[in-house]
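Notes follow once the structure below has been shown.
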Protein chains: 2
Amino acid sequence: MGRTSTAKEKLITSAIELMGNRSYNAVGVQEICDHSGVKKGSFYHFFPSKRDLTLEAIDTMWGKFKEQMLDPIFNSDIKAFEKFNVLMNKSYEYQSAAKECTGCVTGCGMGNLALELSTQDEIIRQKIEQIFEEWAQYFEDVIVDAVNEGDLSVDTDPRSTAQAILAYMEGVSLMGKTFNDPTMLSRLGEGMIQLCISKKNISLEDNM
Amino acid sequence: MGRTSTAKEKLITSAIELMGNRSYNAVGVQEICDHSGVKKGSFYHFFPSKRDLTLEAIDTMWGKFKEQMLDPIFNSDIKAFEKFNVLMNKSYEYQSAAKECTGCVTGCGMGNLALELSTQDEIIRQKIEQIFEEWAQYFEDVIVDAVNEGDLSVDTDPRSTAQAILAYMEGVSLMGKTFNDPTMLSRLGEGMIQLCISKKNISLEDNM
DNA sequence: CTTATAGTTGACTAGTTGGTCAAATAATAT
DNA sequence: ATATTATTTGACCAACTAGTCAACTATAAG
């Protein structure tokens, strides 16, 4: 009953775009409203607060990221290690496009919000923690497969390795943003595979 | 001539502490003044803007970090790889103390500002880029030494490897902050060594 | 002891922040 | 056609933002 509206979706879309290019605290409710052509009164009809809009925006971001990036790659049957390379490559393409379009490497929207808000808003921190957990699970599954297929040592700790890879991806994104240089992503991409190799697989003895 | 003052130093110290625990945009000039017991009029006597204070705060942060962390470790004569482990361990201790004290893993102050401000303030981005360059140089020197001493393959790309290690450190800090869990730093610390090993040194053939 | 100068103070902008609300409006289900 | 309900609107608020400034004060150097 009553009328229908696309205002809520427009607000979320604008929030993702604006906060993605700048930051949570640098983007005000008014600017989000202006950008989406929605009046502030409507904003607070749909969201009790800026934080609530942000929580929904994070959900939407994560949903799209899974749908457009993670699922296509991790449901495909390419070789385990290759999946990481493809992901890093897609990220490179994404950041290159961002720089073309806005002049700036924007980095990972999730990591950006995580660093900005983790000490400021416990609810948002927990939400992103949960998403990182889910994200690492994609990696962990692949690592377990690789161990089972004999491509990785049985000494591999899948959970820590998955977290290490996620950490590395986030770190590379941070560097790319700081240097405003998307090629950072492709150049440092190789490191991800190295993080998979259990220490015992490395022939350190040969060199040390 | 005229009177002397410690206000400038106090403002910088407060800015580092407050922005370190929260963020640039979340901390106002007024709060920095209250925290340091300096009146706002004095703030603008010493700094033309909040950004200028921040630029000096970044310099001070970096100076202390070099003096207290990097120089002691990288000027010592412990083994190359061990230096990375010591650094990661010190970071773990630092984040543990931060959590004890404030309840929050605060992450890397430099990385925090980098992600928040790189797309917002080009001057600050450039300053942090330059610091990251200097920081990676510490790593690169060690890697070159390790190559010369035969501890690392001659195939190693010292610059990219150094950047990869810095990226990983920043990524691990980001994860630690997002999970509000300092043990993340110690648990994922091992990965740094793996990033040093040139692909050709890895006996992938054994497993693949 | 004076004078030049560096630092301090508090009151003051003008603009923005997140958020509120009552009244108007449009559409839907009956 | 009507009653119900969802949405829209714009005016409004108090608190806060970065930044200004003229008057005041302390001191270091001559």
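Proteins come first, then strands; the chains are lettered A, B, ... in the order of their sequence lines, and each starts at number 1.
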Revision key, fill the gap. When rounded to whole Å, the CG to P distance for the pair Leu18(A) and dG18(C) reads 12 Å
Practice item. Output yes when a side-chain donor or acceptor of Ser14(A) lies under 3.5 Å from a complementary backbone atom of Leu11(A), and no otherwise. Key: no
Exercise for review: Using a cut-off of 6.0 Å, state whether more than 12 heavy atoms not belonging to Lys66(A) lie near its atom NZ.
Suggested key: yes
Practice item. Sugar-phosphate atoms are those with a prime plus P, OP1 and OP2; base atoms are the rest. Using that split, label each nucleotide of nucleotides 19-26 of chain C B, S or - for protein heavy atoms under 4.0 Å, 5' to 3'. Key: BBB---BS
Review point. Between Lys39(B) and dT8(C), is there a side-chain N or O to OP1/OP2 distance below 4.0 Å?
Key: no
Point to revise | For atom OH of Tyr24(A) and atom P of dT17(C), their distance in whole Å | key: 13 Å
Review point. Under a criterion of less than 4.0 angstrom to any heavy atom of chain A, what are the 5'-terminal and 3'-terminal contacting nucleotides of DNA chain D?
Key: dT5(D) to dG10(D)
Point to revise | Donor on one side chain, acceptor on other, Asn21(B) and Glu17(B), under 3.5 Å | key: no
Exercise for review: Using a strict cut-off of less than 4.0 Å between a Lys/Arg side-chain nitrogen and an Asp/Glu carboxylate oxygen, indicate whether Arg159(B) and Glu133(B) qualify as a salt bridge.
Suggested key: yes
Point to revise | Salt-bridge criterion met for Lys64(B) and Glu67(B) (N-O under 4.0 Å) | key: no
Check your understanding: Taking the six-membered ring for Trp, are Phe84(A) and Phe139(A) parallel (under 30°), tilted (30 to 60°) or perpendicular (over 60°)?
Key -> perpendicular
Review point. Do any N or O atoms from the side chain of Lys127(A) and from the backbone of Asp59(A) form a donor-acceptor pair under 3.5 angstrom?
Key: no
Point to revise | Axial cation check for Tyr138(B) ring with Lys83(B), 6.0 Å and 45° limits | key: no
